[in-house]
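Some notes on the structure that comes next.
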Amino acid sequence: MKFTDLNLIEPILRSLQEEGYEIPTPIQQQSIPHSIEGRDLLACAQTGTGKTAAFAIPILQRLNEKYGTNPPHHIKALILTPTRELAIQIGESFTAYGRHLKLRNFVVFGGVGQKPQEDAMRRGVDILIATPGRLLDLMNQGFVKLNQLEIFVLDEADRMLDMGFIHDVRKVIKVLPTVRQTLFFSATMPPEIAKLAHDILTDPIKVAVTPVSSTAELIDQSIYFVDKNRKKHLLLHLLQTHDVKSVLVFTRTKHGANRVAQDLTKAGIEAMAIHGNKSQTARQAALQNFKTGEIKVLVATDIAARGIDLEELSHVVNFDLPNVPETYVHRIGRTGRAGASGIAFSFCDSEEKAYLRDIEKLINKKVPVVNEHPYPLGSAPKDERPDDDRPPRQPRNQPRNPQRDKQPRRNEPQRGEPRREQQGGNRPPRNERQGGEPQRGEPRQQPQGDRPQRDEQQRGEQRPQNAQGGDARPAVGNGDEGRSNASRRRGGRGGRGRGGRSRENTPSTENRQPQGEREPRSEQPRQQQGSNPQRSEQRPQQQPPRPQQQPKPKQESESSDSGAKWSSLFQATKTGAKGFIIKSDRDEMAANKKKKDWKGGGGNDRRGPRGGGGK
């Protein structure tokens, strides 16, 4: 059967003849007649069987017969496809088959500017080829209206499911007119895709030219067992020893595609990579250079495994075996298209043997193994790390450099040696310094070595003195061991030890006695044992705070008058003092009645009975 036997119009036959097509493929022979009649179609065929022409030719003929040579330019047909590359290829097919018709087609996809697509929608489009994401954006913005749609084509439906576009597809289907023709194409038929086809198709014609996920019989398949770090060497060996005109190399990751392309370029073989991280301009440039023969090797991820029509592709190399068995069928389907022969090489390392078993189970065929090659499995040195593997990460609970912790730190004493202080460099231990520490019960002596005393004059502090003119600090005796070293160096001030005086107990300026009642200050104050007389003479004569004032003992005269309920509300402490002590006669009467001493009347003790109050 030829295309002339399918009742096609003359402009389309002329375009097919210019493209060099004379004999239709099996999927084209079974689907084109039913599609021209307007029936819904469910076609299941493997990749590379000519599905694009199977729906493009009927759409062009139906629209041309209905609208003639001067059609109104609104969207009459919508083709939904998963990838940008496939959308561009379908647009090129519509342009090639309908070059002698007056129908307009346009392609919209993401990753490029939206302004040219908006301008094309305003001018008018008859056939729209789109990816789901950008189509929904244009629909939400009001640039695409599908209320007059007549034909809807869902291409590579199983790929839509794999890429997560099935929900976007259902959103598009909801806004389509109920009365329409639907053409459903898929390489595989999983249960969810079968359910979707049942929901959107009306009495469809089912076409299945080959079994589900079957491999082309004309493709020569072979498997090479090789270590992971030797795959690039084996690829160079095959490219140099075989007559390879053009080869498409598939990797599992984007980083792997870039690395393989760089290794081949360093070896003198022109190669380029295409994957999802590449811009649309870079991807189109790589495909164009590969089609024109400027580069010999094209390295790609699975994004290029579906729908990329590469004419006269002689070889396909699976650099990494896919973890999904169906992907293997789509990969090798890039070669041996439209009845041509092709060769498929696959590399398998020790970690990919499970993938190989799944592939052989799916295709129901054992892939021949090639053992005669210079890089067999297990020949790589054990200390050679794979190129794409990163060094192992250190556990978080372990140090990064274990050898570092084994070395002693700087100035750290060895086991059995006394610990030295960190400051002061090579200072001797405390027990070896001049004078040593005072024993318990002995007064502390000032050091006479290289360490001078801290100048208290700079801090603006002054030692308090008692009423006799001497130093008000307690004598250093047996209680000195309760204080810290810093308190000892300050002369017993500021600590809360047993030998020091708490700051909370220090009398404030409000409780000082009047100036007239103070005892005269001695001209020759008593020096503490071990102090420096020259330093004491140079100190400024400042008024020291008085020691803690003891609570005034109760007087019998205050409690003798029991008839007065409130004898006095306030009682001044002494003449000239700043402040008062609040006392209650009623509380003192109750205290005398119980024959207990009242302990909360004044001083710095803030605990008082309920009726009275502290300071």
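In this text, all values refer to a predicted model and were calculated from it rather than measured experimentally.
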Applying side-chain hydrogen bond (donor to acceptor under 3.5 Å, both in side chains) to Gln288 and Gln284, what does each step give before you reach the verdict?
CA-CA 6 Å; Gln288 186 65 25; Gln284 287 301 118; over 6 Å; no
Below 6.0 angstrom between ring centroids: does that apply to Phe185 and Phe55?
yes
Donor-acceptor contact below 3.5 Å, side chain Thr292 vs main chain Asn289:
yes
Within the supplied structure, the quantity of interest is the number of heavy atoms (other residues, nucleotides, ligands) at a distance under 6.0 Å from Lys296 NZ; does it exceed 12?
yes
How far apart are the closest heavy atoms of Thr251 and Arg331, and which atoms are they?
O-NH2, 3.7 Å
Hits for ring pair (Phe, Tyr, Trp, His ring centres under 6.0 Å) against Phe184, two or more places apart or cross-chain, chain-then-number order -> none
Do Leu239 and Val247 pass the side chain to side chain contact (heavy atoms under 4.5 Å, CB included) test, and can you show the C-alpha distance, the side-chain angles, and the key distance before you say yes or no?
CA-CA 9 Å; Leu239 294 178; Val247 57; 3.8 Å; yes
Stepwise side chain to side chain contact (heavy atoms under 4.5 Å, CB included) check, His233 with Val226:
CA-CA 10 Å; His233 304 292; Val226 60; over 6 Å; no
Going by the rule ring pair (Phe, Tyr, Trp, His ring centres under 6.0 Å), which residues pair with Tyr355 if we only count those two or more places apart in sequence or in a different chain?
none
Atom CD of residue position Gln17 - does it have more than 12 heavy atoms of other residues, nucleotides or ligands inside 6.0 Å?
no
Within this structure, what is the CZ-OG1 distance for the pair Arg84 and Thr81, rounded to the nearest 0.5 Å?
12.0 Å
Would you call Val207 and Ile27 a side-chain contact if the rule is heavy atoms closer than 4.5 Å?
yes
Matching residue for Ile127 among Ile90, Ile79, Thr95 - test: side chain to side chain contact (heavy atoms under 4.5 Å, CB included)
Ile79
Apply salt bridge (Lys or Arg N to Asp or Glu O under 4.0 Å) to Lys174 and list each qualifying residue two or more places apart in sequence or on a separate chain.
none
Taking all non-hydrogen atoms of both residues into account, name the closest pair between Ala261 and Ala273 and its distance.
CB-CB, 4.1 Å
List the steps and the verdict of salt bridge (Lys or Arg N to Asp or Glu O under 4.0 Å) for Arg62 and Glu150.
CA-CA 10 Å; Arg62 285 197 63 193; Glu150 301 178 12; 5.6 Å; no
Please determine whether the number of non-hydrogen atoms from other residues, nucleotides or ligands lying under 6.0 Å from atom NE2 of His73 exceeds 12.
yes
Salt bridge (Lys or Arg N to Asp or Glu O under 4.0 Å) partner of Glu85, the single match among Lys278, Arg283, Lys291:
Arg283
What one should report as the nearest heavy-atom pair of Pro82 and Arg159 is CG-CG, 3.8 Å
Restricting to pairs with a member in residues 114-125, which pass side-chain hydrogen bond (donor to acceptor under 3.5 Å, both in side chains), not counting sequence neighbours?
Gln114-Glu118, Gln114-Gln141, Lys115-Asp119, Gln117-Arg134, Asp119-Arg122
Check step by step if side chain to side chain contact (heavy atoms under 4.5 Å, CB included) holds for Leu183 and Phe152.
CA-CA 6 Å; Leu183 307 179; Phe152 173 63; over 6 Å; no
Lys254: salt bridge (Lys or Arg N to Asp or Glu O under 4.0 Å) partners, not counting sequence neighbours
none
Separation between CD (Gln30) and CD (Gln28), nearest 0.5 Å, reads 11.0 Å
Taking only distance into account, with no hydrogens and no angle test, what donor-acceptor pairs under 3.5 Å do side-chain atoms of residues 2-14 form with protein atoms, sequence neighbours excluded?
from	atom 1	to	atom 2	distance (Å)
Asp5	OD2	Lys2	N	3.2
Glu10	OE1	Arg14	NH2	2.8
Glu10	OE2	Arg14	NE	3.0
Glu10	OE2	Arg14	NH2	3.3
Arg14	NH1	His100	ND1	3.4

Residues two or more places apart in sequence or in another chain: which of them pass salt bridge (Lys or Arg N to Asp or Glu O under 4.0 Å) with Asp155?
none
Check whether Arg180 reaches the backbone of Pro177 with its side chain - one donor and one acceptor, N or O, closer than 3.5 Å.
yes
If you compare all heavy atoms of Ile151 against all heavy atoms of Leu149, which two are closest, and at what distance to 0.1 Å?
O-CD1, 3.6 Å
List the residues meeting salt bridge (Lys or Arg N to Asp or Glu O under 4.0 Å) with Glu192, not counting sequence neighbours, and say none if there are none.
none
Does atom CG of Asn140 have more than 12 heavy-atom neighbours from other groups under 6.0 Å away?
yes
Glu351, CD atom: more than 12 neighbouring heavy atoms under 6.0 Å:
no
Distance only, no hydrogens: is a donor on one side chain within 3.5 Å (strictly under) of an acceptor on the other, for Asn258 and His275?
yes
Basic-acidic side-chain contact under 4.0 Å: Glu360, Lys366
yes
Are Glu156 and Lys51 close enough that some pair of their side-chain heavy atoms sits under 4.5 Å apart?
yes
For residues 69-82, which residue pairs pass the salt bridge (charged side-chain N to carboxylate O under 4.0 Å, His left out) check, not counting sequence neighbours?
Lys76-Asp126
Evaluate Met160 against Ser186 for side chain to side chain contact (heavy atoms under 4.5 Å, CB included), listing each step before the verdict.
CA-CA 10 Å; Met160 294 276 196; Ser186 179; over 6 Å; no
Who pairs with His237 by ring pair (Phe, Tyr, Trp, His ring centres under 6.0 Å), at least two apart in sequence or on another chain?
none
Can you tell me which residue pairs pass the salt bridge (charged side-chain N to carboxylate O under 4.0 Å, His left out) test with a partner in residues 237-253, sequence neighbours excluded?
Arg252-Glu352
Least distance between heavy atoms, Phe94 atom then Ile129 atom
CD1-CD1, 4.3 Å
Indicate the atoms forming the closest heavy-atom contact of Leu63 with Ala77, along with that distance.
CD1-CB, 4.4 Å
Just jot down the ring pair (Phe, Tyr, Trp, His ring centres under 6.0 Å) partners of Tyr224, sequence neighbours excluded, or say none.
Phe345, His373
Please determine whether a side-chain nitrogen of the Lys or Arg among Asp349 and Arg230 lies less than 4.0 Å from a carboxylate oxygen of the Asp or Glu.
no
